[in-house]
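Along the sequence shown, the residues carry numbers beginning at 1. Quantities reported herein were computed from a predicted structural model and do not represent experimental measurements.
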Amino acid sequence: QVQLVESGGGLVQSGGSLRLSCAGSGSGFTLDYFAIGWFRQAPGKEREGVGCISSSDGSTFYADSVKGRFTISRDNAKNTVYLQMNSLKPEDTAVYYCATRWGDTGLPLSQYEYDYWGQGTQVTVSS
């Protein structure tokens with residue numbers, strides 16, 4: 001079983017920054033083989049993909065809504081992935097989740113491609 005734990009959420013003013021962390025653990029889990037996706041869900045809205053980092057080469061992919069503002073990175077030694085969020089806007093307010101799957105997928109922003117999920121962390125951006 002794989003476990004993911006997010007941290008780093010909070011309240012920030014518009015234009016500010018936050019860094020979320022996603023720490024993975026469990027039998028066989030290693031970022032060398034598991035891809036990580038970041039998702040978010042705002043009240044009354046469907047969960048949407050924010051970005052992902054591949055297992056094979058650490059390449060990243062982002063939703064258009066966050067491209068240029070959000071950056072995903074990883075520390076394989078710590079089995080931890082980071083979501084650096086800059087220039088935050090009120091519309092970024094949501095619960096943020098990380099998720100993982102073994103290997104990479106051709107649909108990296110689809111929630112249905114991921115098998116294990118963290119509990120989520122709240123991000124609130126005030127105007």
Side-chain angles (χ1 to χ4, degrees):
Q1 192 73 5
V2 173
Q3 296 87 37
L4 299 175
V5 178
E6 301 102 335
S7 61
L11 173 64
V12 64
Q13 288 188 334
S14 181
S17 298
L18 278 176
R19 189 179 79 157
L20 305 183
S21 299
C22 172
S25 63
S27 177
F29 181 81
T30 167
L31 291 176
D32 292 329
Y33 297 112
F34 281 77
I36 297 286
W38 283 98
F39 296 81
R40 66 186 182 185
Q41 188 166 20
K45 295 188 177 181
E46 292 190 357
R47 188 172 297 183
E48 66 169 340
V50 172
C52 65
I53 187 163
S54 75
S55 59
S56 55
D57 61 2
S59 58
T60 54
F61 183 80
Y62 301 94
D64 288 343
S65 58
V66 306
K67 200 172 295 182
R69 299 188 298 124
F70 290 11
T71 302
I72 298 173
S73 62
R74 68 182 185 183
D75 184 334
N76 285 33
K78 296 182 179 179
N79 272 340
T80 299
V81 170
Y82 304 97
L83 177 64
Q84 178 66 45
M85 305 184 294
N86 298 329
S87 302
L88 283 162
K89 307 174 182 179
E91 51 264 43
D92 294 317
T93 295
V95 177
Y96 282 71
Y97 301 89
C98 62
T100 192
R101 54 168 286 127
W102 192 94
D104 296 324
T105 169
L107 297 172
L109 297 185
S110 170
Q111 60 177 314
Y112 304 108
E113 296 293 304
Y114 293 84
D115 302 307
Y116 303 97
W117 291 79
Q119 81 287 355
T121 186
Q122 176 71 46
V123 172
T124 302
V125 184
S126 63
S127 57

Q.
Let's go through T121 and V95 carefully: what are the C-alpha distance in whole Å and the side-chain angles of both, what is the deciding distance for side chain to side chain contact (heavy atoms under 4.5 Å, CB included) to 0.1 Å, and is it a yes or a no?
A. CA-CA 5 Å; T121 186; V95 177; 6.0 Å; no
Q: Given side chain to side chain contact (heavy atoms under 4.5 Å, CB included), test V125 with K89 step by step and report yes or no.
A: CA-CA 6 Å; V125 184; K89 307 174 182 179; 5.5 Å; no
Q. Could you walk me through whether L20 and M85 pass the side chain to side chain contact (heavy atoms under 4.5 Å, CB included) check?
A. CA-CA 8 Å; L20 305 183; M85 305 184 294; 3.8 Å; yes
Q | Criterion side chain to side chain contact (heavy atoms under 4.5 Å, CB included) on F70 and N86, from CA distance to verdict | A | CA-CA 6 Å; F70 290 11; N86 298 329; over 6 Å; no
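For the residue pair S21 and T80, the shortest heavy atom distance occurs at CB-CG2, 4.3 Å. Looking at every heavy atom in both residues, G28 comes nearest to F34 through O-CE1, 3.4 Å. In plain terms, the two heavy atoms of R74 and L31 that are nearest each other are NH1-O, 3.2 Å.
Residues meeting the salt bridge (charged side-chain N to carboxylate O under 4.0 Å, His left out) test with E6, sequence neighbours left out: none. Judged as a side chain to side chain contact (heavy atoms under 4.5 Å, CB included), and not counting sequence neighbours, the contacts of D64 are K67.
Pairs engaging residues 30-88 under the disulfide (SG to SG under 2.5 Å) rule: none recorded [sequence neighbours left out]. Among pairs with a residue in residues 61-106, those fulfilling disulfide (SG to SG under 2.5 Å) read C22-C98, at least two apart in sequence or across chains. Among pairs with a residue in residues 24-33, none fulfils salt bridge (charged side-chain N to carboxylate O under 4.0 Å, His left out), at least two apart in sequence or across chains.
Residues T93 and Q122 form a side-chain contact, since some pair of their non-hydrogen atoms from C-beta on lies under 4.5 Å apart. Looking at I53 and V81, their side chains come closer than 4.5 Å, going by heavy atoms from C-beta outward. A heavy-atom distance below 4.5 Å is found between the side chains of S17 and Q84.
Atom OG of S73 sits about 9.0 Å away from atom CG of L83, to the nearest 0.5 Å. Taking CD of Q13 as the start and CG of L11 as the end, the distance is 8.0 Å to the nearest 0.5 Å. Interatomic distance, OG of S25 versus CG of N79, reported as 8.0 Å (0.5 Å rounding). With rounding to the nearest 0.5 Å, the separation of CD1 in I36 from OG1 in T100 is 3.5 Å.
If you look at Y97 and F39, their ring centroids are not closer than 6.0 Å.
Side-chain polar atoms of S127 and S14 form no donor-acceptor pair below 3.5 angstrom. In summary, the side chains of S55 and D104 do present a donor paired with an acceptor at a separation below 3.5 Å, with no hydrogens or angles considered. There is a side-chain donor-acceptor pair under 3.5 Å between R40 and Y96.
Between the R47 side chain and the G49 main chain, no donor and acceptor come within less than 3.5 Å of each other. In this structure, the side chain of Y62 engages the main chain of I72 through a donor-acceptor pair within 3.5 Å.
W38 and Y82 are not part of a single hydrophobic cluster, where members link through side-chain heavy atoms under 4.5 Å apart. A continuous path of Ile, Leu, Val, Met, Phe, Trp and Tyr side chains, each step under 4.5 Å between heavy atoms, connects W102 with F29, placing both in one hydrophobic cluster.
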For residues 109-116, which side-chain N or O atoms pair as donor and acceptor with protein atoms under 3.5 Å away, sequence neighbours left out?
from, atom 1, to, atom 2, distance (Å)
S110, OG, Y112, N, 3.4
E113, OE1, T105, OG1, 2.7
Y114, OH, P108, O, 2.7

